[in-house]
Each structure stands twice: as structure tokens, then as C-alpha cells.
Amino acid sequence: MKLTFLGTAASEGYPDAFCGCANCERARALGGPNLRKRSAALLDGELLIDLGPDVMAATLMHGISLTAVRFCLLTHEHADHLDASNLTSRGPGSEVVGAPRLELVATAGALRTAAASLGRLPAAGLLDPGVQNRLNLTPQPIEPGQTVPVGPYRVTAIPACHYPEHLTPLLYAIERDGRALFYATDTGPLTEDAWTVLRDWGGAFHAVALDHTFGFRDRAAHHLNADQFVETVARLRGEGRLAAGCRVFAHHLGHHSNPDHDALVASAGERGYEVAFDSLTVAV
Ligand SMILES: [Zn+2]
Ligand SMILES: [Zn+2]
Ligand SMILES: [Zn+2]
């Protein structure tokens with residue numbers, strides 16, 4: 001699989017346009033990989049992970065086309081991962097002709113949130129066939145623990161530890177042609193339920209994109225700092241979930257807790273992992 005990071009920042013973006021902290025000022029001065037848009041990723045040009053507010057900007061900035069996208073996985077409905085205007089911009093209502101039907105894999109809650117923000121839809125929202133035709137998409141509700149085929153991919157939903165009192169956030173194990181990616185943002189330390197789903201899944205990942213929101217700050221409950229990141233990777237390795245040569249990337253980086261890209265790459269290197277940046281493309 002070919003994985004492209006479209007955005008690698010936490011919900012505010014990095015730099016946060018409204019923030020004058022030392023990290024944001026340094027990112028503005030340095031530019032390049034220090035400029036991070038809200039998190040999203042693209043697999044093989046045809047599977048989009050999340051529909052955040054910077055997806056359009058990412059494609060413009062990095063020369064990426066989404067015309068071949070047939071599948072979309074939503075991790076959860078927080079606004080930095082779901083901007084429903086991205087759904088209307090690919091439908092016939094926007095005079096887009098010939099776009100493939102989009103299979104939209106998301107929890108029932110995320111589908112409801114998308115429908116609510118589109119407004120003026122029938123009560124069934126995205127589950128209404130007329131709405132689906134208007135938006136040129138087919139929703140595929142998914143729940144934690146489920147494994148479903150998505151075109152040529154096999155997708156397993158793992159429960160994230162991320163404000164579970166408000167929503168049902170998901171991490172995804174995505175497999176194709178014997179290769180496997182663990183897309184794991186947003187989450188705090190994984191719950192035992194998540195470890196059980198991973199054990200039942202039973203595979204080994206060739207790449208991991210893992211939450212690093214709180215970098216060098218205190219331990220967090222709904223995201224990870226660097227120590228929690230390292231502990232999560234160690235347990236993945238201990239449980240046999242990492243294939244030989246697996247590449248592990250820090251992802252979803254908060255401006256408040258992570259230094260500039262080169263400094264982060266240096267400290268991550270000492271800890272045995274890599275740092276994603278916007279437009280980074282890797283073979284999984
Ligand atoms: Zn987020
Ligand atoms: Zn800042
Ligand atoms: Zn979130």
C-alpha cells in the first residue's frame with residue numbers, strides 16, 4: 001500500500017493561526033515540514049482516512065488528486081476529522097461528473113453528525129437512499145470489534161480511548177495484499193478491550209501511525225504523550241503485533257507539546273520511531 005499523510009497536526013493545526021507561542025512562531029519561520037494541517041491520510045490514492053477541514057487545502061498544496069477516491073474511513077466525528085462540506089463537494093450537486101460512488105465507513109454516531117451538519121436532510125440522514133444518490137455515497141456503519149471488506153481492503157475497527165462518554169471513536173487496522181497499517185489517532189492509552197480486539201485480529205502491522213498529540217507534556221487520558229507513545233509501541237511489539245521492519249510514525253501533533261520537526265525527529269530517533277509530516281508518502 002502507498003500511504004500519504006495529508007495532514008499531521010492536532011485539532012488546532014500547527015502552527016495554530018491564532019497562537020504566538022514559541023513553537024508556532026518557530027514553525028512559521030522554518031516552514032516546510034513544520035507546517036502541519038489537520039490530520040488525514042490517503043491510501044493508494046483511493047482510500048481516504050478522515051474528512052477534516054484541511055483535506056482540500058492538502059490536495060492543493062501537495063499536488064494530490066482525490067478523483068480516484070472510492071472509500072473513506074472516519075475515525076470519529078470531532079470537527080478536525082469530519083467536515084461534512086467535503087461530502088457535498090464531490091456530489092452531483094456540485095456538478096462533479098463521473099466521480100466514483102464513495103463507500104463511507106463510519107460509526108452510526110459519525111454518520112448522524114455528518115447528516116446534522118449538512119442540514120435539511122430527511123430523518124434517516126445519510127441512510128436515506130435519496131440523500132445517498134444526491135451525495136453519490138453509500139454509508140457502511142461500523143462498530144468497534146468489527147472486520148469488514150472495503151473494496152480490496154480488509155478493515156478492522158478497534159475502539160479508541162478518546163472521550164468515550166461522548167462518542168465511539170475508532171482506530172483502524174487496514175490490510176491489503178498481505179500488508180497491514182495501524183491508523184491510530186485520536187486515542188489515549190489503549191483499553192484492554194482494544195488490546196483484545198487486536199489479539200483477536202491476530203495480524204502484524206507493517207506501519208503504525210500513532211497519536212503523539214501531547215509529545216513532551218504530561219501524560220494524557222484521551223491522547224498520548226511521548227512516554228505513552230513508547231509504551232504503546234512496546235506493548236504492540238510485545239504482543240507480536242509489529243512485523244519485522246515495521247515503521248512507526250508520530251502523528252496528530254499538538255503545537256503546545258511538540259518541538260519543531262527536526263528537533264522532534266532527533267528525539268523520536270533516540271526513542272526508536274519516526275515523525276510524520278504533511279505530504280510524507282511511504283510504502284507500507
Ligand atoms: Zn483530532
Ligand atoms: Zn502555538
Ligand atoms: Zn478527536
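Atoms within a ligand are numbered from 1 in the order they appear, just like the ligands themselves. Any value given below was found using the heavy atoms of this structure, including those in side chains, with hydrogens, waters and symmetry copies removed.
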Quick one: salt bridge (Lys or Arg N to Asp or Glu O under 4.0 Å) partners of Arg235, sequence neighbours excluded?
-> Glu192, Glu239
Check the Zn ion (ligand 2) and write out every protein N, O or S atom at under 2.8 Å, as residue and atom.
-> Cys19 SG, Cys21 SG, Cys24 SG, His255 ND1
Taking atom types as modelled, find out whether His62 and Asp278 have a side-chain donor-acceptor pair closer than 3.5 angstrom.
-> no
What is the name of the N/O/S atom in His76 that sits closest to the Zn ion (ligand 3)?
-> NE2
Is there a side-chain contact between Asn225 and Gln228, using heavy atoms and a 4.5 Å cut-off?
-> yes
What is the name of the N/O/S atom in Asp80 that sits closest to the Zn ion (ligand 1)?
-> OD2
Any side-chain donor near an acceptor of the partner, His81 and Asp186, under 3.5 Å = yes
Side-chain donor-acceptor contact under 3.5 Å, Tyr273 with His212 | yes
Mind checking whether the Zn ion (ligand 1) has an N, O or S of His78 under 2.8 Å?
-> no
Taking the Zn ion (ligand 3) as the vertex, how big is the angle to OD2 in Asp186 and NE2 in His162, rounded to 10°?
-> 90°
Presence of N, O or S from His81 under 2.8 Å of the Zn ion (ligand 1) | yes
Tell me yes or no: between the side chains of Arg36 and His255, is some donor less than 3.5 Å from an acceptor?
-> no
Note: Arg38-Asp83 ion pair, threshold 4.0 Å (strictly below) = no
Verify the distance criterion only: is there a donor paired with an acceptor across the side chains of Tyr183 and Asp50 at less than 3.5 Å?
-> no
